[in-house]
Every structure is written in C-alpha cells, then in structure tokens.
**Q** 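Mind looking over this structure? Questions follow.
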Amino acid sequence: MTIAMRDRLIVGLDVPTLTEADRIVATLGDTVSFYKIGHQLAFAGGLGFARELTGAGKKVFLDMKLLDIDNTVAKGVENIARMGMSMLTIHAYPKAMRAAVEAARGSGLTLLGVTVLTSMDDADLKEAGYAASARDLVLKRAAQARDAGMGGIVCAPTEVAEVSAVTGAGMALVTPGIRPAGSERGDQKRIMTPADAIRAGSTHLVVARPVVAAEDPKAAAQAILDEMAAA
C-alpha cells in the first residue's frame, strides 16, 4: 500500500469545542491533511465541522465505532458515505461489519474494524466477560474483518505485525496508542513510538494529545512526520 507520508498521519481532534478544533486546524495548516473526529467533538457540532474539513480539501476519519442491529448500522453508513468521509470505524462484530460493507459498496468510504480498544488489556477483557486474551481477540476479529470485506483494521501498534499476517496486503492498519519518546502514556496501555509503529507495518498513525496539547502543535506534528519518514 503506497500512501504519501502526509496522508499517513491522522491528528485526532479530541477537544471539547469547535472553536478549539478550528484553532488547531488553522495552526497546523498544510502540515496535516487528515483529521479524526470522535464522540467528544461530534456531540459538539463536529459532524458539520467534518463536512467543512472535507470541503477545504482535508480527509476525515469519523471515529464512531458503530455497533447496532444490521439495518441501523447500514443506514448510518449510507449517510456517512454521502458526507464524503474517508474512514469510519465499526466495532468488529461479524454481522455489523457485513451490513456496513454492503451499505458502503461503491463509495469511497474505508471501513475500519475496531478490534480491541488500546486502553484495554487482558485484565479489562476478563472483567468484561471475555475469556480470550487481548492478542487472541484482536487476531480473531482481524480475520473476521478480512472475511467481511472491510477496508482496514484499528489495532494497537504492538499488534500490527501479527495482524498484517492475518489480513494480508491491501488492508489499512490504523494504529492509535502512538506516543513520541518522552510523551505521557495517558490512558493508553498498548503503545509505541511513531518510528516503531511505521517499522512494524502501520499504514496510518492516529495521534491526538501529543499534537493538540503541545505548546507548538505544528512543530509537534512536523516532528512526528519527520520521525515517520526516517523510519
């Protein structure tokens, strides 16, 4: 998968207001071409902002982690595809993924299966009622996403090498949990530096706090891009 380095860095607009999101986008300028909008900003008017970003030539990863009955997932995906989004997350349950793939057919929307959240480890899964380890559940869901025809996987960077062996070439491997050397871990438990994630095989890196909370977000983003390119 050949992708320009600038299109491999996705900055997460994990901020509470549109004013803050707009400030970050303006500050980053042409350094960043791809943004993630999740629940926090979506519920503060972020869906309209997503349309503004695409209208300005930016790419948008809408991180909604959809999971519902088949018809509800399908209708949501149809509308999101019409919005011009580039990526959308679906929780990697087979029925939901199959419904989403059918709904997105013929559009430019890349559907990403969310395997196991990077804030979760084996103990968290056990508490939630899963017998499988995080590694085993990630690999199982990656195979199911591949079989459903999904466009990619969201997984921790520490799992990319094993996941790529399951999915094969052609699927996007999108990794949150990216922390440049010296950054705070925050609530992420399965993390990696940008360079190590690229070497492991990540096709896209999602970075939020290390950029949006930096004193100089543009310099922080450029430093990550430089590290990715060097890797």
Side-chain angles (χ1 to χ4, degrees), residues 1-14 21 25 32-43 45-118 138 141-155 160 163-164 166-176 201-208:
M1 183 179 292
T2 302
I3 312 168
M5 194 59 65
R6 183 167 168 267
D7 291 331
R8 297 177 68 173
L9 173 62
I10 304 174
V11 171
L13 293 174
D14 297 339
V25 172
V32 173
S33 63
F34 213 149
Y35 290 95
K36 176 183 77 74
I37 292 178
H39 292 137
Q40 182 182 25
L41 191 61
F43 299 139
L47 297 182
F49 189 66
R51 290 190 178 91
E52 292 178 19
L53 288 174
T54 59
K58 304 293 187 182
K59 295 181 179 181
V60 176
F61 165 14
L62 203 58
D63 189 15
M64 294 290 99
K65 300 181 181 70
L66 299 184
L67 179 60
D68 212 309
I69 64 172
D70 296 2
N71 185 65
T72 299
V73 169
K75 295 306 180 183
V77 170
E78 287 174 2
N79 277 345
I80 290 168
R82 294 188 188 104
M83 291 170 63
M85 302 295 100
S86 294
M87 290 180 168
L88 170 69
T89 45
I90 308 289
H91 272 295
Y93 287 73
K95 281 172 61 65
M97 291 190 291
R98 288 192 293 266
V101 167
E102 186 59 34
R105 197 174 305 281
S107 72
L109 180 63
T110 297
L111 296 172
L112 304 173
V114 177
T115 53
V116 177
L117 298 176
T118 55
V138 165
R141 287 181 168 175
Q144 291 171 330
R146 176 201 63 205
D147 295 343
M150 296 283 281
I153 294 292
V154 177
C155 64
V160 166
V163 168
S164 64
V166 172
T167 60
M171 289 184 72
L173 298 174
V174 181
T175 54
S202 297
T203 63
H204 299 77
L205 309 187
V206 181
V207 185

**Q** Report the C-alpha separation of Ile69 and Thr72 in whole Å, then their side-chain angles, then the decisive distance to 0.1 Å, and conclude whether the side-chain contact (heavy atoms from CB on, under 4.5 Å) test is met.
**A** CA-CA 6 Å; Ile69 64 172; Thr72 299; 3.3 Å; yes

**Q** Say you draw a straight line from CG of Leu53 to CZ of Phe34; how long is it, rounded to the nearest 0.5 Å?
**A**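 The CZ atom of Phe34 is 11.0 Å from CG of Leu53, to the nearest 0.5 Å.
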
**Q** Of the non-hydrogen atoms in Phe49 and Leu41, which two are nearest, and what is the gap between them?
**A**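 Phe49 and Leu41 have their closest heavy atoms at CD2-CD2, 4.3 Å.
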
**Q** Considering all heavy atoms of both residues, which atom of Ser107 and which atom of Ala104 are nearest to each other, and what is their separation?
**A**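 Scanning both residues, the minimum pair turns out to be OG-O, 2.7 Å.
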
**Q** Hey, are the side chains of Lys36 and Asp14 touching, using non-hydrogen atoms and a 4.5 Å cut-off?
**A**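 Side-chain contact under 4.5 Å: yes.
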
**Q** Quick one: pull up NE2 in His204 and CD1 in Ile10 and give me the separation to the nearest 0.5 Å.
**A**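 Nearest 0.5 Å value for the NE2-CD1 distance: 5.5 Å.
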
**Q** Yes or no on side-chain contact (heavy atoms from CB on, under 4.5 Å) for Thr110 and Leu88, after CA distance, side-chain angles and deciding distance?
**A** CA-CA 6 Å; Thr110 297; Leu88 170 69; over 6 Å; no

**Q** Thr175 side chain to Leu205 main-chain N or O, any donor-acceptor pair under 3.5 Å?
**A**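 Between the backbone of Leu205 and the side chain of Thr175 there is no qualifying donor-acceptor contact (under 3.5 Å).
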
**Q** Please report the C-alpha distance between Val207 and Val11 in whole Å, then the side-chain angles of each, then the deciding distance to 0.1 Å, and finally whether the side-chain contact (heavy atoms from CB on, under 4.5 Å) criterion is met.
**A** CA-CA 5 Å; Val207 185; Val11 171; 5.6 Å; no

**Q** On a heavy-atom basis, which atom in Ala208 and which in Gly12 lie closest, and how many Å separate them?
**A**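 Scanning both residues, the minimum pair turns out to be CB-O, 3.5 Å.
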
**Q** Is there a side-chain contact between Met97 and Leu111 (heavy atoms, below 4.5 Å)?
**A**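 Met97 does not reach Leu111 side chain to side chain.
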
**Q** Got Leu173 and Thr167 here, is their nearest side-chain heavy-atom distance under 4.5 Å?
**A**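 They are in side-chain contact.
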
**Q** Determine the minimum heavy-atom distance between Val160 and Cys155, stating which atoms define it.
**A**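 Heavy-atom minimum between the residues: CG2-SG, 4.1 Å.
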
**Q** Mind checking the OG-CG spacing from Ser33 to Asp7? Nearest 0.5 Å is all I need.
**A**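 Here the interatomic distance stands at 4.0 Å.
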
**Q** Would you compute the distance between atom OG of Ser86 and atom CG of Leu109 and round it to the nearest 0.5 angstrom?
**A**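 If I round to the nearest 0.5 Å, the distance is 8.0 Å.
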
**Q** Within this structure, what is the CD-CE distance for the pair Glu78 and Met83, rounded to the nearest 0.5 Å?
**A**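 Going from CD on Glu78 over to CE on Met83, the span is 14.5 Å.
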
**Q** Do the side chain of Arg146 and the main chain of Val166 share a donor and acceptor less than 3.5 angstrom apart?
**A**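 Pair found, side chain donor or acceptor close to backbone of Val166.
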
**Q** So, applying side-chain contact (heavy atoms from CB on, under 4.5 Å) with Val154, which one of Val206, Thr115, Leu112 is it?
**A**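 Going through Val206, Thr115, Leu112 one by one, the side-chain contact (heavy atoms from CB on, under 4.5 Å) with Val154 is satisfied by Leu112 alone.
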
**Q** Considering all heavy atoms of both residues, which atom of Ala96 and which atom of Val73 are nearest to each other, and what is their separation?
**A**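 Looks like O-CG1, 3.7 Å.
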
**Q** Does the pair Arg98/Asp70 count as a salt bridge with the N-to-O cut at 4.0 Å?
**A**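 No, no charged N to carboxylate O under 4.0 Å.
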
**Q** Parallel, tilted or perpendicular: which describes the rings of Tyr93 and His91, with under 30° parallel and over 60° perpendicular?
**A**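 Rings of Tyr93 and His91: perpendicular, as their planes differ by over 60°.
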
**Q** Could you give the side-chain donor-acceptor pairs of residues 57-68 under 3.5 Å, partners two or more places apart or in another chain?
**A**
from  : atom 1 : to    : atom 2 : distance (Å)
Lys58 : NZ     : Gly29 : O      : 2.9
Lys58 : NZ     : Val32 : O      : 2.8
Asp63 : OD1    : Lys65 : NZ     : 3.1
Asp63 : OD1    : Thr89 : OG1    : 2.7
Asp63 : OD2    : Lys65 : NZ     : 2.8

**Q** Should Ser202 and Val174 count as side-chain neighbours, where that means a heavy-atom distance under 4.5 Å?
**A**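 Not in contact.
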
**Q** Could you tell me the separation between the CD atom of Gln144 and the CD1 atom of Ile153, rounded to the nearest 0.5 Å?
**A**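 Rounded to the nearest 0.5 Å, the CD-CD1 separation comes to 9.5 Å.
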
**Q** At their closest point, which heavy atom of Ala103 faces which heavy atom of Ala74, and how far apart are they?
**A**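 For Ala103 and Ala74, the tightest heavy-atom pair comes out as CB-O, 3.4 Å.
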
